[in-house]
Amino acid sequence: MSTENTHSQEKSLKTQPIKDTKFKDTKGLIDAIDTSLNSAHSEKLAEESHVLNRLKFKINLKEKIVPPKIAWSLCRTKNQGEDILGTMGNFGLIIGKAKSKKTFFTSIAVATASNNNHSLLNRFKSYLPSNKNEVLYIDTEQGKYHVQNAVKRICKLINIEEPVNLHAFHLRSLSPAERLQFIESEIYLNDKIGFVVIDGIKDLVTSINDEGEATMITTKLLKWTEERDLYILTVLHQNKGDNNARGHIGTELINKAEIVLSVTALENDKEISIVEAQQCRNREPETFAFKIDEDGLPFLVSMDELPIKKTNNSRKETDLESHQKYQLLTEVYSHEKEFKYGQLLLQIKLAYTNQFEKNLADNRIKGLITECSNKGWLIQAEKKGSYTLGEY
């Protein structure tokens, strides 16, 4: 053994002292030395790994970071320009009740991405990079026949018999773990995948109310989108009794999604579906509506021509009685014990829409949060901390 190595080992042993033990033989002493050296080596590797992670994840204010590329967008009707529906490196969420035509809206998204750089229905457009212009469409709920029909519908929308950049799969017969592994393999084995649609995200876990699984699947989406620089659009059912996304998985996805789009059947004309943003990190896109024609294809309907049922819902949040405001908070906190400010704002918005069948602007919700905090109905233990429900 060289003198240099001997000194190095002696130094390691000083930082990792051998336990004071009486050894029966030389082998026991040698084993103890090896254990100490291995422990020191492991700690050194851990330190080196952390140093690399600090360089990777630390924010450098002098670094010029370009905004994420647009994956797909929606043209405005009230003025010029378009609003972002999703960007590369992020994921979005579509929520809606059964029979709200979520899958038909999903077809619009897949068709838009498959027909890259071309307008769809005169309003939707995708901007996938040339090296990331392939689309992965996963259906976990329907059988092979119905998934094929959905893909044929997509082909008709873009007037292409068989798009070479579209890869569609039906995974209903697989287990949740097998579906998850299949999707991950597809994403990592094809460098050209830039747009992914998972119709049935709940089928990648065994329980929608398992917090560990909800965190796991959300972490997977964040990892896939960032490491592969692609966009993922997921679909999840809403609860039957309210407008909340189902289970812990719904809460986690809403908290991490770049945009949450709800699809709702019009109350007095179930053939019409309304799509609106429940939350988004970019400018909020316009609400729009669509129907299905005699050929089974979705087409857009003018919002000005909708047979909207007139109701006496032109109330402000200040018009609510005190008990109604607290009841609103009770509904919100029936799902979680505490919320960050942004999460609380979204949950109040969803609860208000569910109760009064009318959207409440964000600035009004902020005013409501301030009022409820002043009355002690909302408690924030520390500045920028989570909010819990106080007593009425």
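All heavy atoms count here, side chains included; hydrogens, waters and symmetry mates do not. The chain is numbered in sequence order, starting from 1.
For the pair Lys192 (side chain) and Asn133 (backbone), a donor-acceptor distance under 3.5 Å is absent. A distance-only check finds a donor-acceptor pair linking the side chain of Gln279 to the backbone of Ile254 [under 3.5 Å]. Although no hydrogens or angles enter the test, the distance criterion places a donor-acceptor pair under 3.5 Å between the side chain of Arg179 and the main chain of Leu174. Of the possible donor and acceptor atoms, one in the side chain of Ser126 sits under 3.5 Å from a partner among the backbone N and O of Thr112. Between the Ser114 side chain and the Ala111 main chain, no donor and acceptor come within less than 3.5 Å of each other.
Taking the side chain as every heavy atom from C-beta outward, Ile292 and Pro298 approach each other to under 4.5 Å. Proximity of Gln238 to Ser100: side-chain heavy atoms (C-beta onward) are nowhere separated by under 4.5 Å. The side-chain heavy atoms of Asp139 and Thr106, taken from C-beta on, include no pair separated by under 4.5 Å.
With rounding to the nearest 0.5 angstrom, the CG atom of Leu236 is 6.0 Å from the CG atom of Leu93. Taking CG of Asn115 as the reference point, atom CD1 of Ile160 lies at 4.5 Å (rounded to 0.5 Å). To the nearest 0.5 Å, atom OG1 of residue Thr264 and atom CD1 of residue Ile272 are 13.0 Å apart. We find the CG-CD distance between Leu346 and Gln343 to be 8.5 Å, quoted to the nearest 0.5 Å. Atoms CG and OG, from Leu266 and Ser273 in turn, are 8.5 Å apart once rounded to the nearest 0.5 Å. To the nearest 0.5 angstrom, Glu141 atom CD is 7.0 Å from Thr103 atom OG1.
The list of salt bridge (Lys or Arg N to Asp or Glu O under 4.0 Å) pairs with a residue in residues 80-93, not counting sequence neighbours, reads Arg76-Asp83, Asp83-Arg283. Contacts classified as side chain to side chain donor-acceptor pair (under 3.5 Å) and involving residues 155-166 (residues at least two apart or in different chains) are not found. Residue pairs meeting the salt bridge (Lys or Arg N to Asp or Glu O under 4.0 Å) criterion with at least one member in residues 213-228, sequence neighbours excluded: Glu184-Lys220, Asp191-Arg228, Lys223-Glu227. Within the structure, ring-ring contact (aromatic ring centres under 6.0 Å, His included) pairs that include any residue of residues 101-152 comprise Phe105-Phe288, Phe124-Phe288 (at least two apart or interchain).
For Asp210, the salt bridge (Lys or Arg N to Asp or Glu O under 4.0 Å) criterion is met by no residue, not counting sequence neighbours. Here Phe290 pairs with nothing under the ring pair (Phe, Tyr, Trp, His ring centres under 6.0 Å) rule; sequence neighbours left out. A search for ring pair (Phe, Tyr, Trp, His ring centres under 6.0 Å) contacts involving Phe169 returns Phe182, not counting sequence neighbours. Residues forming a salt bridge (Lys or Arg N to Asp or Glu O under 4.0 Å) with Lys375 (at least two apart in sequence, or on another chain): Glu371. Listed by chain and number, the residues in a side chain to side chain donor-acceptor pair (under 3.5 Å) with Gln181 are Ser185 (sequence neighbours excluded). Qualifying salt bridge (Lys or Arg N to Asp or Glu O under 4.0 Å) partners for Glu286, counting only residues two or more places apart in sequence or in other chains: Arg123.
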Going by atom type alone, with no hydrogens or angles, which donor-acceptor pairs under 3.5 Å involve a side-chain atom of residues 47-63 and a protein atom two or more places apart or on another chain?
from: Asn53; atom 1: ND2; to: Ser49; atom 2: O; distance (Å): 3.4
from: Asn60; atom 1: OD1; to: Lys62; atom 2: N; distance (Å): 3.0

Would you tabulate the side-chain donor-acceptor contacts of residues 380-387 under 3.5 Å, counting partners in other chains and residues two or more places apart, or write 'none'?
from: Gln380; atom 1: OE1; to: Tyr387; atom 2: OH; distance (Å): 3.4
from: Gln380; atom 1: NE2; to: Gly385; atom 2: O; distance (Å): 3.1

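Side-chain atoms of Ser107 and Arg153 form a donor-acceptor pair, as typed in the model, at a separation below 3.5 Å.
Remark: of the listed residues Leu297, Leu121, Val275, Leu121 is the sole one forming a side chain to side chain contact (heavy atoms under 4.5 Å, CB included) with Ile108.
In the hydrophobic clustering of ILVMFWY residues, with side-chain heavy atoms under 4.5 Å counting as a link, Met303 and Leu74 come out apart.
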